[in-house]
Colleague: 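Structure incoming, see below.
Bear in mind the structure is a predicted one, so any value in this text is a computation, not a measurement. Order of the sequence lines sets the chain letters (A, B, ...), proteins ahead of strands, with each chain counted from 1.
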Number of protein chains: 2
Amino acid sequence: MADGDTETRVTIRTVAADAGVSVAAVSKVMRNAYGVSDALRLKVEASIGKLGYRPSVAARGMRGRTFTLGVLLVGIDNPFLPGIYQGIESVTESAGYKIMVGVGAARARTEVTLIEQMIDNRMDGLILVASQIAGETLEHFARQIPIVVVGHHEPAAQGYDTINNDDQRGAQLAVQAFLDRGYSDIAYMTQSDQGDHHADVAPQREAGYRKAMTAAGLADRIRVFRLPQCGLSRDEMLSNVLQSPDRPRAIFCWSDLDAIPLLSAAHRLGMGIPDELALIGYDNSPMAELSMVDLTSIDQDGPRLGKLAAEALFSRMTGRSVAEHILTEPTLILRGSH
Amino acid sequence: MADGDTETRVTIRTVAADAGVSVAAVSKVMRNAYGVSDALRLKVEASIGKLGYRPSVAARGMRGRTFTLGVLLVGIDNPFLPGIYQGIESVTESAGYKIMVGVGAARARTEVTLIEQMIDNRMDGLILVASQIAGETLEHFARQIPIVVVGHHEPAAQGYDTINNDDQRGAQLAVQAFLDRGYSDIAYMTQSDQGDHHADVAPQREAGYRKAMTAAGLADRIRVFRLPQCGLSRDEMLSNVLQSPDRPRAIFCWSDLDAIPLLSAAHRLGMGIPDELALIGYDNSPMAELSMVDLTSIDQDGPRLGKLAAEALFSRMTGRSVAEHILTEPTLILRGSH
DNA sequence: CCCGTTTCGTGCACCGTTCTACGTAAATCA
DNA sequence: TGATTTACGTAGAACGGTGCACGAAACGGG
């Protein structure tokens, strides 16, 4: 512990002494509770200003609320997250709540630890974005702290809320967009399932793809490619898929995250887009918009999802106990890749 | 507050009662402090396991340490951050420390609030990545909590450490790479300065660019473009720069973050790369590697910076009080854009 | 066998807040 | 004017841990 010239912390007691009032009085002013005269308030506020007093969140959390929310993100390299985060922040900021973020690195174990960490830090509520954690575990945590989940389908959950774009509908939009252009040889590319509980977005999009294909009478043309996790063999696999003699003419990819590397592989192989390969992604990430990428993608309006999540969390924190499961409408962003 | 079937929390008292020992004994076992017999330890650990006890970070923090570090990031959409974060995590995880992240959104005001929040949450130390906060403010905070700063040059700082890649050297590498290809009409493109204290990386890279140009006898060819912040007029400005009759033949861009949109604008205008425009970026982001981007870039080895930062923080937390200012060597990643 | 050391476990005073319960003075009402 | 109410401020007990100081064994050497 660095113990140089440690400025002794300004506590509520320091303020009370300075203002010549009781500790409780200062506390009341801070929480603008009932029963404070203007004279007292002024005195206390003057001292607070003079001393630069900030209440300790940790101590405050031991009895009251901390006005801090926890947000758990899968990672920081996912283009889907900034929009959601910004949506959350827009709501929480104006309500005077602070946000602490945990980065789950897509490992369920890490995520559980982080959630526990947030509970132990006495946060007032949690928003989990694209969490990998199973529903039953979530129910367990939800008994200890209000929770809202984004990007994880669990429509029967009782203890927590879920906010999602309608991933099945998004997949249907993509398939339809291909059909409109006359394609019938449409494949779906997804990440390899990893303990997959059918709750994650990728399987939902797969289900939507299958339904849409079946509805179009193309059930026998259904093909699903599953990408391995690690980087090197993934790039290889992308190339292999593209070079195989019976490669699909059109690919709907579960996320821009994989669609763009796929596009890159196609480009490297000298394939024309969309003439030799048509492609639609998901998330409408900023990269998709770049002219050399120009990727058609499904947009799920991250800021809106974030906003809805924050609002749901607040309503749950203030009493609602019956679960809410919201599904928003995705939109197709037309570009040159299909 | 959701007050459904609130599982009453397992506290240190619950454990003590269950194991038939004192609260202090449990505390000792948790902190594996001196003076615990094997018998006692076993008894207590059994109860802890049975009850699933986790100590409250908040309460613990009021006297001891929390084993939690705060990491402040500029944003989550910056390709430079994942590497650094991963580097930090690799060190802290094995040391049994948890990380809470704050997202500063590149606004100094928000960042200050978040740092205060982290101090109030009793974190044991802070790593600030690409923070916008002025040096004097940092010194102030550094008196309250050990701090290490990444991506912000403040070589004279006393109270905190800084870890940076040598941005001036990186700029020099870029200029040299252009010179080697025979370019002399080399411009620098940067973000418009925003309260800029010369400490941020962009001005450092600018200084390096100026030095390198001067050293090459091209002082009179020095040109600097400053991009506005907001998205729309930025794209316009990029196009304008590229379409002006005396546009530079080679541009060194302060970050891939702006180099890639610039590349996109060039592509949209049908300009050949590198024949009509040569480009070098900074950060070697994953996108730069994509075949349709193929951007030459300066790599600063984020994971290494993160690792160094975490190690510096630990050494500071365990007593070191004289500041450390580390500069790492950047490398040029050759690709097709120059 | 006595006395000085260790070793182990406990009681208790913190840490910085919140919040309930209570006392007092002023204002209102009959 | 006396009885109520209302407004304001204060003690002091939580909250869930930590860690110091202390006492009681157990140990060990002369």
Side-chain angles (χ1 to χ4, degrees), chain A residues 1 6-45 47-48 51-68 116-117 119-124 144, chain B residues 1 6-45 47-48 51-68 116-117 119-124 144:
Chain A
M1 212 122 344
T6 317
E7 287 176 354
T8 48
R9 197 177 212 292
V10 177
T11 79
I12 198 172
R13 259 169 274 272
T14 325
V15 177
D18 182 272
V21 296
S22 76
V23 168
V26 180
S27 176
K28 272 188 167 182
V29 170
M30 289 304 296
R31 298 151 22 219
N32 48 5
Y34 173 82
V36 212
S37 67
D38 288 353
L40 180 74
R41 150 158 288 117
L42 252 51
K43 250 195 312 188
V44 172
E45 278 173 351
S47 291
I48 288 176
L51 302 171
Y53 166 69
R54 276 173 292 124
S56 152
V57 178
R60 168 176 276 177
M62 295 193 63
R63 283 191 75 80
R65 25 184 30 184
T66 58
F67 295 97
T68 305
E116 291 175 345
Q117 180 80 356
I119 293 175
D120 298 346
N121 263 305
R122 292 270 117 81
M123 319 223 138
D124 292 337
Q144 306 175 45
Chain B
M1 212 117 350
T6 317
E7 288 175 355
T8 48
R9 197 177 213 290
V10 177
T11 80
I12 199 171
R13 263 165 267 272
T14 325
V15 177
D18 181 90
V21 296
S22 76
V23 168
V26 180
S27 175
K28 272 190 168 183
V29 170
M30 290 303 297
R31 298 151 24 217
N32 48 4
Y34 173 82
V36 219
S37 66
D38 287 353
L40 180 73
R41 152 158 287 119
L42 253 51
K43 252 196 311 188
V44 171
E45 278 173 351
S47 290
I48 287 176
L51 301 171
Y53 166 70
R54 275 175 292 122
S56 153
V57 179
R60 168 179 274 176
M62 295 195 63
R63 278 189 80 77
R65 28 182 32 181
T66 58
F67 295 96
T68 305
E116 292 175 344
Q117 180 79 357
I119 293 174
D120 299 347
N121 264 303
R122 293 268 117 81
M123 317 220 142
D124 292 336
Q144 307 174 44

Colleague: Please name the pair of heavy atoms, one in Arg54(A) and one in Arg9(A), separated by the smallest distance, quoted to 0.1 Å.
Modeller: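 So the minimum-distance heavy-atom pair works out to O-NH1, 3.4 Å.
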Colleague: Between Arg65(A) (CZ) and dT18(C) (C1'), how many Å, whole number?
Modeller: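 It is 13 Å, rounded to the nearest whole Å.
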Colleague: Which of the following nucleotides, dT18(C), dG17(D), dG16(C), is nearest to the side chain of Val23(A)?
Modeller: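 Nearest to the side-chain atoms of Val23(A), counting from C-beta on, is dT18(C).
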Colleague: Taking all non-hydrogen atoms of both residues into account, name the closest pair between Phe67(B) and Asp124(B) and its distance.
Modeller: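 Shortest heavy-atom separation between Phe67(B) and Asp124(B) comes out as N-OD2, 2.6 Å.
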Colleague: Less than 4.5 Å apart, any side-chain heavy atom of Asn32(A) and any of Arg41(A)?
Modeller: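 They are in contact (side-chain heavy atoms under 4.5 Å apart), so the answer is yes.
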Colleague: What does Arg41(A) touch in the nucleic acid at a heavy-atom separation under 4.0 angstrom: a base, only the sugar-phosphate, or nothing?
Modeller: nothing
Colleague: Evaluate the criterion side chain to side chain contact (heavy atoms under 4.5 Å, CB included) for residue pair Lys43(A) and Val29(A); output intermediate values, then yes/no.
Modeller: CA-CA 10 Å; Lys43(A) 250 195 312 188; Val29(A) 170; over 6 Å; no
Colleague: Could you give the CG-to-C1' distance, from Leu40(B) to dA26(D), as a whole number of Å?
Modeller: 16 Å
Colleague: In whole angstrom, give the distance that lies between atom CE of Met62(A) and atom P of dC19(C).
Modeller: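 About 13 Å, once rounded to whole Å.
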Colleague: When you get a sec, tell me which of dG16(C), dT18(D), dG9(C) is the closest nucleotide to the side chain of Arg122(B)?
Modeller: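 Minimum distance to the Arg122(B) side chain belongs to dG16(C).
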Colleague: Looking only at non-hydrogen atoms, find the nearest pair between Leu40(A) and Val36(A) and report the distance.
Modeller: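 Distance-wise, the nearest heavy atoms are CD2-CG1, 3.3 Å.
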Colleague: Using a distance-only criterion (donor-acceptor N/O pair, under 3.5 Å, no hydrogens), is the base of dG16(D) paired with the side chain of Arg13(B)?
Modeller: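 Counting by modelled atom types and ignoring angles, a donor-acceptor contact under 3.5 Å is found here.
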Colleague: Arg63(A) has a side chain; which of dG11(C), dG16(C), dA14(D) sits nearest to it?
Modeller: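 Among dG11(C), dG16(C), dA14(D), the one nearest the side chain of Arg63(A) is dA14(D).
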Colleague: Kindly point out which of dT17(C), dA11(D), dG16(D) is positioned nearest to the side chain of Ser22(A)?
Modeller: dA11(D)
Colleague: Do you know which two heavy atoms are closest between Asp120(A) and Pro55(B), and how far apart they sit?
Modeller: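 Residues Asp120(A) and Pro55(B), closest heavy atoms: OD2-O, 3.5 Å.
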Colleague: Figure out the CD1/C1' separation between Ile12(A) and dG9(D), and round it to whole Å.
Modeller: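 It is 14 Å, rounded to the nearest whole Å.
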Colleague: Want to settle it: does Thr11(B) or Ala24(A) sit nearer the 5' end of DNA chain D, counting the closest nucleotide to each?
Modeller: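 So the residue in question is Ala24(A).
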Colleague: Looking only at heavy atoms, which two atoms of Leu51(A) and Val10(A) are closest? And how far apart?
Modeller: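 Leu51(A) and Val10(A) have their closest heavy atoms at O-CG2, 3.6 Å.
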Colleague: Mind running a 4.0 Å heavy-atom check of residues 27-37 of chain A against DNA chain D and sending the residues that fall below it, in number order?
Modeller: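 Correct list: Lys28(A), Tyr34(A), Gly35(A), Val36(A), Ser37(A).
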